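Report on one structure; see the data block that follows.
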Amino acid sequence: MEAAACKRSLSRRASSSSFRLRCPSLNSVRLRRVFDIFDKNHDGVITVQEIHQALTRLGLETDLYDLETTIKSFIKPGHIGITYEGFVSLHQSLDQTLFGLDLEEEEEEEEEEESDLTEAFKVFDEDGDGFISAQELQAVLGKLGLPEGKEIGRVEQMICSVDQNHDGRVDFFEFKNMMASVVVRSS
């Protein structure tokens, strides 16, 4: 498959309902993890270049000038990039811009959360067979630049920790249960 065919544009991805994170406690955990992934040198500040590189590694095409224009107002005076607090403000601003402030009914929200989980699962299920293998998880972790992506043993341990039926891979229901336990523990 050609790399260009695999790339998703930022504007198309941002219009997806999964861009918005609904659960406040999970939202905070996810945002912190994303910030830490983008902050490659761990200095507590993400430069526009670091964000651009991370989005590119994830297959999201971005124009550096447009990205800088969007982020500039969230960078504190005297800083070369955006702090975590600015990152949270940026996320809230994008959320309001893209989705408005309307509150949805609980039932609709649950359906959207299920859809979000399905989309997240598909990111890891690279071959579309309905399962996440250790190799697929390793590939995604590697794309994100995480150290676990270099160690298949650690990746296999991650798979085993959520693999309830012991088939050596994670199906959607196991993935969903794992995500629910993250929400419960972080609440």
Side-chain angles (χ1 to χ4, degrees), residues 1-101 112-113 116-117 119-126 132 135-152 154-155 158 179 182-183 185-186:
M1 197 181 308
E2 291 183 10
C6 294
K7 291 197 176 205
R8 289 179 257 169
S9 74
L10 180 59
S11 60
R12 264 195 304 161
R13 182 70 184 137
S15 66
S16 166
S17 64
S18 65
F19 184 77
R20 187 162 118 207
L21 306 174
R22 289 167 203 80
C23 175
S25 60
L26 184 56
N27 191 6
S28 176
V29 170
R30 285 179 178 172
L31 284 177
R32 187 71 219 189
R33 286 182 183 162
V34 170
F35 181 87
D36 290 342
I37 289 169
F38 284 14
D39 183 16
K40 282 308 218 184
N41 62 358
H42 308 291
D43 64 353
V45 174
I46 305 174
T47 64
V48 173
Q49 188 63 37
E50 286 174 320
I51 292 173
H52 185 261
Q53 288 171 348
L55 292 173
T56 300
R57 279 193 306 273
L58 292 171
L60 300 170
E61 297 174 12
T62 58
D63 178 79
L64 191 56
Y65 176 78
D66 290 343
L67 190 60
E68 186 172 7
T69 302
T70 301
I71 294 171
K72 186 174 24 178
S73 65
F74 295 93
I75 298 175
K76 292 180 180 177
H79 286 87
I80 61 167
I82 192 168
T83 62
Y84 176 69
E85 293 76 22
F87 189 69
V88 170
S89 296
L90 172 64
H91 176 267
Q92 290 170 343
S93 174
L94 289 172
D95 191 33
Q96 291 171 1
T97 300
L98 295 172
F99 305 106
L101 297 173
E112 287 185 25
E113 287 173 13
D116 292 350
L117 284 173
E119 285 185 47
F121 183 82
K122 287 178 182 178
V123 168
F124 294 95
D125 180 20
E126 291 188 322
I132 302 170
Q135 292 76 20
E136 288 171 319
L137 179 58
Q138 183 180 30
V140 173
L141 295 175
K143 287 177 188 175
L144 292 172
L146 297 173
E148 292 86 351
K150 296 177 183 168
E151 302 175 35
I152 191 67
R154 286 187 71 188
V155 174
M158 295 168 129
M179 292 302 289
V182 170
V183 173
R185 276 188 253 140
S186 67

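Just so it is clear, the structure is predicted and the values come from calculations on it, not from any experiment.
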> To the nearest 0.5 Å, how far apart are CG in Leu64 and NE2 in His52?
Replying inline: 5.0 Å
Show every donor-acceptor pair shorter than 3.5 Å between a side-chain atom in residues 66-76 and any protein atom, with sequence neighbours excluded, or say none if there are none.
from  : atom 1 : to    : atom 2 : distance (Å)
Thr69 : OG1    : Tyr65 : O      : 2.9
Thr70 : OG1    : Asp66 : O      : 2.9

>> Which heavy atom of Phe124 sits nearest to which heavy atom of Glu136, and what is that distance?
In response: O-CB, 3.2 Å
>> My understanding is that only residues two or more places apart in sequence, or in another chain, count here; which of them pass ring pair (Phe, Tyr, Trp, His ring centres under 6.0 Å) with Phe121?
In response: Phe172, Phe175
> Got a sec, which residues hit side chain to side chain contact (heavy atoms under 4.5 Å, CB included) with Asp43, two or more places apart in sequence or on another chain?
Replying inline: Asp39, Asn41, Val45
>> I need the Ile132 CD1 to Leu137 CG distance, nearest 0.5 Å.
In response: 7.0 Å
> Any idea which heavy atoms bring Glu50 and Phe38 closest together, and the distance?
Replying inline: CB-O, 3.4 Å
> Taking only residues two or more places apart in sequence or in another chain, which ones pass side chain to side chain contact (heavy atoms under 4.5 Å, CB included) with Ile37?
Replying inline: Leu146
> Minimum heavy-atom separation for Val140 to Val123, with atom names?
Replying inline: CG2-O, 3.6 Å
> salt bridge (Lys or Arg N to Asp or Glu O under 4.0 Å): which pairs involve residues 139-152, sequence neighbours left out?
Replying inline: Glu126-Lys143, Glu148-Arg154
> To the nearest 0.5 Å, what is the distance between CG (Leu31) and CD (Gln92)?
Replying inline: 8.5 Å
>> Met158 vs Leu141, test: side chain to side chain contact (heavy atoms under 4.5 Å, CB included). Steps then yes/no.
In response: CA-CA 12 Å; Met158 295 168 129; Leu141 295 175; 3.9 Å; yes
> If you measure from CG on Asp36 to CZ on Arg33, what distance do you get to the nearest 0.5 Å?
Replying inline: 10.0 Å
>> Check this for me: Ile80, atom CD1, are more than 12 non-hydrogen atoms of other residues, nucleotides or ligands nearer than 6.0 Å?
In response: no
> How long is the gap from NZ on Lys40 to CD1 on Ile46, to the nearest 0.5 Å?
Replying inline: 11.0 Å
> Can you tell me how far CD1 of Ile82 sits from CZ of Phe35, rounded to the nearest 0.5 angstrom?
Replying inline: 7.5 Å
